[in-house]
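One structure below.
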Amino acid sequence: MKKIKDLQELDKTGEQGLKRLYPEGRTRVTVGMATCGLATGAEPVFNYLAALAKDREDQILVVPVGCIGFCQREPLIDALIPHLPRITFAKVDGEKVQEIARHLIQNRISVKHAAWRYDEDEFLILNTARRLGNGSLPAAIESIIHYHEIPFFQKQLKIALRNCGYINPEDIEEYIARGGYSSLYRVLNEMKPEEIITEVKLSGLRGRGGAGFPTGMKWEICRDVKDDVKYIICNADEGDPGAYMDRSILEGDPHSVIEGMLIGAYAIGASAGYIYVRTEYPLAIKRFTKAIEAAEAYGFLGEDIFNRRFDFKITISEGAGAFVCGEETSLIASVEGRPPEPRLRPPFPAESGVWGKPTNINNVETWSNIPVIIARGGDWFSRIGTDKSKGTKVFSLVGKINDTGLIEVPMGIKLGEILEIGGGISEGKKFKAIQTGGPSGGCIPASLLDLSVDYEKLTDAGSMMGSGGMVVMDEDTCMVDVAKYFLEFLKDESCGKCTSCREGTQQMYDIVKRITEGNGKKEDIELLENLGNVVKVASMCGLGQTAANPVLSTIRYFRDEYISHTIEKRCPALVCKALISYVIEPESCGGCTVCVENCPSDAITGEPKKVHVIDQKKCVKCGICIASCPPKFKAIKIVSPTVK
Amino acid sequence: MMKYKKKKSKKMKKRVKKEAENMVSLTIDGTVITIEKGKTILDAADSLNIEIPTLCYHKALSPYGACRLCVVEIQKNGKKKIQASCVYQVEEGIEVKTQTPELQNIRETMIKLMMARAPRSEKVKEIARKLGVERTEFISKDEDCILCGLCIRMCSERMGQSAIGFKLRGDKREVSPPFDVESPRCIVCGACFSVCPTASERLKKLSSRPVQPLLDEFDQGLRQRSVVRIPFPQAVPNAAIIDKEHCVHFLNDRCKICQDLCEAEAIDFNQKEEVIDLRVGSVIVSCGFEVYDGKKERAYGNGRYVNIVTSIEFERILSASGPYQGHILRPGDKKEPRKIAFIQCVGSRTDEHKYCSSVCCMHATKEAVIAMEHSPGLACTIFYMDLRAFGKGFDEYYEKASRSGVRYIRCRPSLIEEVPESRDLIIKYSDEIGKMCAEEFDMIVLSCGLQPLKQMSELTQKLGIRLNEHGFCKTDTFTPIESSRRGLFVCGPCAEPKDIPETVTQSSAAAAKAMVLLTEARNSLIAKKEYPPEKDVSDQKPRIGVFICHCGINIGGYVNVPQVVEYTRNLPHVVYVEDNLYTCSQDSQRRIIEMIKEHALNRVVIASCTPRTHEPLFRDTIREGGLNPYLFEMANIRDQCSWIHMTEPQLATEKAKDLVKMSVAKAARLEPLKRVEIDVVQKALVIGG
């Protein structure tokens, strides 16, 4: 493979990629093969289609792609038949894929299985769009809903996720075809490092890892430090439970991160970089490794890139299961082979980082925005979002919502709008709170659904942007239990160095646990508030400084729940096992003995046709009885406080 | 007259600028301070004498910032932040506050958390008290380690071993050696334990190898000593020494904590021995003696039976500055013995050493008397061959001892056995009428003989003097100071065993004899002692300073010295009172001079022993303090009080108060006296002779 050294060669390679993205005379079928897809059974679907395509190489091309975003509907496959719009099929299982495949072999679409269609593909970097299909659509195809009318996609604006779901992440030429590495070319041939930094500053891009520090300023500080050796780091530790934004980018579009790092390295003056990936992301590591190899083969990594005497290489550094490594000084310690522990800043990593050298660390999502900012201009970027928070943010929308998945929306969108994107609360329940920012964030109640999502507003509300996790909670969620869940996570993940975090999280957890077990005292709420505020201020690193957020924000907005738990010994959401009882309503009980037979603890006594009774001493509150009670009776209820 | 300013050279300007570049100015609690770059806020506060509580901080180790007690409020560029002062480096223009209600709240919360974690730690309780915290509302855990990391940093940074580290995280974090296996790098130095604020038991279990304590040579191995120490009380010179053989710095080129912390910069690890050439006209050999090694007497079990000690060991046991602070305890179980036996002539009057060591009978008697005085009810028995009590008053002393209960048995026991459980001892002997007896004792003292130094032969070869048949320096009966070589004189036990008074006498004689040879050079190397000018105190009211001596246990064991001190404070004209362990020691003299200056004393009273011993010394001392030497008075609260009223401590204390009161009253009336010199016609007539 000859290395690409100039624009001509780049364009030529891009054309090769384009031929695979839009094969002439062949149908391109893409299967979502990110972790979300694989988890729902995309692999057998892919294998089936691949086997099919093997015998029909001149007709069908099957390609794996990354996360499209609508994870709720996975496995997702797209079919691009020449002259037709791209059609997406959702929730494709073994049966469906056979029928879809039958149609595809005949160059037809199985409309009844179709979920939505795309009429054009946007090439964000190149600022063009490619029309799909040749104008007049058959009526059947037209009846398929356009993806832009689907609430899930309507308000999204894909910048960081621009290629995810479109390209084969292991095919660098597809990346180049959509404008990949053209920003790098531009930067090396047309811009001085200072100009690059100016552009990034103009864009207003802020760190997407959670802290939200202005990226351009960070680069400038690092650039200004005089040293021959500097490093770039990509923080791919993504420790928040349930967050998978970075994972999706790494699995679906790894080259966007590599290109971003290259541009950053040139701007700052670094010649080597690390990507610190958590070891729990084996697929991301595999795809990224392949991407590095491809980039090296094509000349985008290594020496004398684009003949501009610019050298850069990336080494993968794997984590070992510590949440605290998301904190930059702990991350640096881990890269250096030391156990992860934060240290005081100043000095900041920009002055003295890995191996004592000036180091610039950015999050995966931040890096993947960079090529777009260079291509379209900082000014263009700055027109998206709010005054202080520019651009878009990728959120993982999960929880009690109908349409879970990965969304990328402009900053400033309202929380309520995000709920609409998610299709509303599942099972028709009532919305209670939305938890943002992972374990470092807080819960935002219904009264603040009008809140615009940006860094400052979320922090003011007692939460934070964090890396982008959004967990939706409904009326069946106990907020005290939520606080306990996050505190348990944080106390286990605390590195243990400073007293306030280590002892503080442990004590807060013990107190909240006590409250959920029915042993809460009146003074506990104030104790939690005082302790939480001290832990916030006295801790050395971000983990400790935000550890109190879950409990402080739930007390702030749901104080009455805490009061119920401590004083009335009642759990209004009927979750905390120690505070609830399962009872059989005598007037509803039909005496069918189904629950008696199914109870694993033999806690229910009852004769046929006689009212059954649950022995509270034996009941373990597993819920099997409620599940087995016939719908016509629905006689078993959960009550709180407990009954004897 | 032309005035011109010397221009600062370029080099000078550059140096000044560089120095300025290295300095940072910041404000702490309203005070501006300029300090070197790289120092922390804690360093800066320390130099302003502002106290900030710390726990995981140690001057000799790199700061860690874990305990969060040392948090301060920093205002920088209009923003306020709270950071640990021990790790935060000073920055130009920042404003720091070390005490605010918010900081107090944080510190209180931190200590409450630590009290919950380690409720038994005394250090944590002490800090809690200082912060005004009485109890903690957090759930107790009962750990004994607060994870401050001091032990780890000490082991790694100073001892150079890195045998321990932190494992796991969160509340499961623990100090342990790698993989929980005893580390071969652990040198069992105990440095980790020495800096542990909670005296954690965990550090004692790090190695299965036993700790080898360094034994104090002066205290005959009866107690431990450290590597850096002043060898013994009243040592001359009174300076600390470092044991090169065991010092970690010399062993593996690490540590150096002592040098880093010594503010006087008095430690130089590169010190070398100096060999000096001297031209002299006369040499006095007074190299002393060795004590016979009691362990050589195998039948007597010294070294095998723990409660058998040598006479020198017993001397240290009796001493107030010894291993047991003057309490008579036996080394085995540290219990008080009820019956002690002394065995004389151990290593004397034998085939190896045919001579009598001359002093043992008397010192055994003295030791028995003192021991019985100290522990009423203690019974002492001395097994002797012949009682050598030949000096002035010696025989009376022996008679008195015998009358007051010291048993003397003429016999040289042949065997000592040990009772296994109690580790008591049984002496089998035959009494004066030949009957075989066996008697049990709690403790036995072997009166070991005096013998020549091991190096005697080598030394005397170099000096060119001969030794006698016993290995001591050869002298003649009628010329006991002269050696076998002209110009070399000997004195003290290096010639033959003798006691202290005789040695002192002989030393004066040797000095006189040496001076005879040096008549021509007399006074040529003398430097006149310079005293500070004598202060004129004639127009002052009396300002009396009183120094009350414990004299070890001689006074302090019977007179309640602290009570006398309190009483003396209220006497008229007394402006300063203190008590000393030994007022005659070198450092006490220095102290007296300091106090004279500090409190502008114009008269000094010392309540201690008899003027016979130290009055000249004390007069000289106050003269060095700028006072006329006659503005001095002594109260004898030893010979005239504690020594004679040993059984009535309360009355002795009252008498001591009276004695001091009298001396103070006298001192107030003292006038300075001048010494005059009168010429003497150097002719004398001796009648008689």
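Values in this document were obtained by computation on a predicted structure and should not be read as measured data. Hydrogens, waters and symmetry mates are skipped; everything else that's a heavy atom, side chains included, is used. Protein chains get the first letters and strands the later ones, always in sequence-line order, with residue 1 at the start of each.
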Heavy-atom donor-acceptor pair, A:Asp454 side chain to A:Lys457 backbone, under 3.5 Å: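 Flag set: sc A:Asp454 to bb A:Lys457 pair under 3.5 Å.
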Using non-hydrogen atoms only, which part of [X] is less than 4.5 Å away from chain A: side chain, backbone, both, or neither?
{"X": "B:Arg173", "result": "side chain"}
{"X": "B:Leu55", "result": "neither"}
{"X": "B:Lys112", "result": "neither"}
{"X": "B:Lys167", "result": "neither"}
{"X": "B:Tyr64", "result": "both"}

Residue from B:Glu92, B:Glu95, B:Glu91, B:Gln83 passing side chain to side chain donor-acceptor pair (under 3.5 Å) with B:Lys76: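 Answer to the side chain to side chain donor-acceptor pair (under 3.5 Å) test with B:Lys76 among B:Glu92, B:Glu95, B:Glu91, B:Gln83: B:Glu91.
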Name the member of A:Lys491, A:Met540, A:Arg343 that forms the most heavy-atom pairs with chain B at distances under 4.5 Å.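 Top option by heavy-atom pairs under 4.5 Å: A:Met540.
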Among the listed options A:Asp492, A:Asn533, A:Leu490, the residue most often paired with chain B at heavy-atom distances under 4.5 Å: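 Top count of heavy-atom pairs under 4.5 Å with chain B: A:Asp492.
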Any carboxylate oxygen within less than 4.0 angstrom of a Lys/Arg side-chain nitrogen, looking at A:Glu456 and A:Lys388?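 Looking at A:Glu456 and A:Lys388, the cut-off is not met.
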Is it the case that [X] and [Y] place a side-chain donor and acceptor less than 3.5 Å from each other?
{"X": "A:Thr546", "Y": "A:Ser440", "answer": "yes"}
{"X": "A:Glu318", "Y": "A:Thr279", "answer": "yes"}
{"X": "A:Glu238", "Y": "A:Ser467", "answer": "no"}

Per-residue contact mode, A:Glu523 against chain B (heavy atom under 4.5 angstrom):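 Answer is neither: A:Glu523 stays 4.5 Å or more from chain B.
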Residue part contacting chain B, namely of A:Arg514, when any heavy atom lies under 4.5 Å: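 When you check distances to chain B, only side chain atoms of A:Arg514 fall under 4.5 Å.
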Go through A:Thr505 and A:Ser494 one step at a time and tell me if the side-chain hydrogen bond (donor to acceptor under 3.5 Å, both in side chains) criterion holds. CA-CA 8 Å; A:Thr505 52; A:Ser494 163; 4.8 Å; no
What option among B:Val71, B:Ile139, B:Ile82 has the most heavy-atom pairs under 4.5 Å with chain A?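 Among the listed options, the one with the most contacts to chain A is B:Ile139.
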